Amino acid sequence: MRDTLILRLTADPDAPAEWLLRAAPGEAATRPDEVGHGPLAEVLSQLAGRRIILLVPSEDVLLTQVSLAVRQSSQLLQAVPYALEEQLAQDIEKLHFALGPRRADGSVPVAVVERAKMDGWLAPFREAGLMPELVLPDLLALGGSDDEKILLVEGNRCLLRSDAFGGFACELDTLPGLLPLLDLSNGISLIRANCDAALPDGISLNRSETVASGIAAMNHAGDSARLNLLQAGYAPRRAVDRWLRAFRLPAAMAATWLALTSFALTLSNHGLSGERDRLLAQAEASFRTAFPAITRIVDMRVQAEQQLRALQGGGQQSGFLRLMSASASALQPLTSLSLEGAQYRDGSLYLSLSGSDLQALDVLKVNFSKSSDLALEVQSAQATSEGVQIRLKVDPIGSAS
């Protein structure tokens, strides 16, 4: 098990980030939590090998809920933006929606945040080659039972978690006007973060405690962690899957070459014709799987070498492997696009992409422009109700047409 680092960003991008380091479960009894703060870049440089949970300012995240008859998760995620469209001031195309689990009354918790905010929060992690496992609004990380109302006061800033998936952030002087919106018959649990600010009159407290800093009260317990903002185009595994898909064909070619080499070595050490015939049949089957366009096998070793040289561009940096490698590097940072297919034809690489954000194409163009020996041509780009479909052509400089 790994240590967990809970990293909390503030609304001020220039302010230091707060962090809490929690020991792995097997070591928690002997290693107390460590709390600190510092520049984000400095903190990120020390995160290798640790599980990362990112807490973002709740002021930037709308927590709401919808009640829709749709049951399938993918269809529900498509329907939610339109169900909430009239309640939102911004264009839904510029917003990211994350869903929590369906509740007993049939409602589904929803978190709404600007895509630009998400991209800004995750950009330093991508640059450092890291990805958080969870991204939560900071108020949902407040400890306590899921049905407990918890109020954290940090100077003039308040976070009030009303239940496992709801709450709001506000200034202390506006809190009295918001409290009547809540059912406070069971009282509130108060946490003061190194402050002694006075609370509005009439609040019944279940418990009260003081902590050195706000992050010390945030342990991401309970169902709240299930409203992870890393969903849809921001799901962390998509980047890994896309990278693996991009290198699937080169990996298959390498594996086939290894298999053919292994068979050749085995054949040279076995004189029995029966064993030789069996191994030869296996080698031919592997060869035909790797190179289906070759219908006549004369010399497997020579023909395999010819095919691999063709894919490598005759040993130059302009072949299939070079184009695929550069394309994968350009695609990797873009979580909103997914590689659906790749074709190598006449020295050009054709890529079929799908995603949720057409604006990601501009970022992709910038990523490709960083390579001085590649030319990118956008053959088509369409945005429909089902998402974005993009067709690209990648050429080495000097052969683009």
Side-chain angles (χ1 to χ4, degrees), residues 1-10 17-28 31 33-38 40-58 60-61 63 73-74 77 96-101 109-113 115 117-144 146 159 161 164-165 214-245 331-338 356:
M1 300 293 289
R2 297 176 295 163
D3 292 351
T4 296
L5 190 131
I6 305 174
L7 183 62
R8 185 189 185 199
L9 304 181
T10 66
E18 288 185 299
W19 55 265
L20 182 150
L21 179 62
R22 177 158 295 154
E27 304 176 21
R31 288 174 52 197
D33 292 347
E34 300 178 31
V35 176
H37 64 277
L40 181 57
E42 180 179 313
V43 178
L44 292 180
S45 67
Q46 304 174 21
L47 291 187
R50 287 170 174 159
R51 177 173 179 255
I52 305 171
I53 295 174
L54 178 63
L55 306 181
V56 297
S58 296
D60 295 324
V61 183
L63 297 174
S73 298
S74 59
L77 192 57
H96 169 61
F97 298 81
L99 309 182
V110 182
V112 186
V113 60
R115 291 185 180 276
K117 289 286 185 183
M118 286 289 294
D119 293 335
W121 292 330
L122 294 176
F125 291 87
R126 290 170 176 158
E127 292 174 3
L130 302 168
M131 180 57 71
E133 183 175 312
L134 290 174
V135 177
L136 300 172
D138 54 2
L139 73 86
L140 292 188
L142 291 172
D146 290 338
L159 295 179
R161 199 197 75 178
F165 301 103
I215 198 170
M218 299 179 180
N219 62 6
H220 66 282
D223 282 347
S224 300
R226 297 165 68 186
L227 190 48
N228 185 2
L229 297 182
L230 294 180
Q231 298 184 26
Y234 292 97
R237 292 190 60 182
R238 289 175 64 93
V240 176
D241 291 341
R242 183 169 56 250
W243 180 268
L244 292 176
R245 282 197 299 268
L331 282 167
Q332 186 184 21
L334 296 174
T335 57
S336 59
L337 291 178
S338 179
S356 58

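Worth knowing before you read on, the calculation uses all heavy atoms, side chains too, and leaves out hydrogens, waters and symmetry mates. Bear in mind the structure is a predicted one, so any value in this text is a computation, not a measurement. Here, residue 1 is the first one in the sequence, and each next residue gets the next number.
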* To do: Answer whether the closest heavy-atom distance between the side chains of Trp121 and Pro57 falls below 4.5 Å.
  => yes
Heavy-atom nearest pair, Pro124 first then Gly120, reads CD-O, 3.3 Å
Those residues at least two apart in sequence (or on a different chain) that pass side-chain hydrogen bond (donor to acceptor under 3.5 Å, both in side chains) with Asp119 are Tyr234
With a 4.5 Å limit on heavy-atom distance, are the side chains of Leu7 and Leu40 in contact?
yes
Heavy-atom nearest pair, Leu44 first then Phe125, reads CD2-CE2, 3.4 Å
*Side-chain contact, heavy-atom cut-off 4.5 Å: Asp3 with Arg31?*
yes
If we only count heavy atoms from C-beta on, is the Leu140 to Ser58 side-chain gap below 4.5 Å? no
Heavy atoms of Arg161 and Leu142 approach each other most closely as NH1-O, 3.0 Å
Residues at least two apart in sequence or cross-chain that pass side-chain hydrogen bond (donor to acceptor under 3.5 Å, both in side chains) with Arg8, listed by chain then number, are Glu18, Asp138, Glu154
Taken in chain and number order and not counting sequence neighbours, the residues that satisfy salt bridge (charged side-chain N to carboxylate O under 4.0 Å, His left out) with Arg50 are none
With the side chain counted from C-beta on, respond yes when Phe165 and Leu63 share a heavy-atom pair under 4.5 Å apart, and no when they do not. no
query: Are the side chains of Val56 and Val113 in touch, meaning some heavy atoms are under 4.5 Å apart?
result: no
Any heavy-atom pair between the side chains of Leu230 and Leu122 that's under 4.5 Å? yes
Please assess Glu133 against Asn228 for the test side chain to side chain contact (heavy atoms under 4.5 Å, CB included), listing each intermediate value before the final yes or no.
CA-CA 9 Å; Glu133 183 175 312; Asn228 185 2; over 6 Å; no
Taking every heavy atom of Leu20 against every heavy atom of Ala216, the minimum-distance pair comes out as CD1-CA, 3.9 Å
Would a 4.5 Å heavy-atom cut-off, applied to side chains only, mark Met218 and Leu159 as touching? yes
Nearest heavy-atom approach of Leu55 to Ala141 is CD2-CB, 3.7 Å
Between the CG atom in Leu99 and the CG atom in Leu77, the distance rounded to the nearest 0.5 Å is 5.0 Å
With sequence neighbours left out, the residues meeting side chain to side chain contact (heavy atoms under 4.5 Å, CB included) with Glu34 are Trp19, Leu21
Of all heavy-atom pairs linking Ala111 and Leu229, the shortest is CB-CD2, 3.6 Å
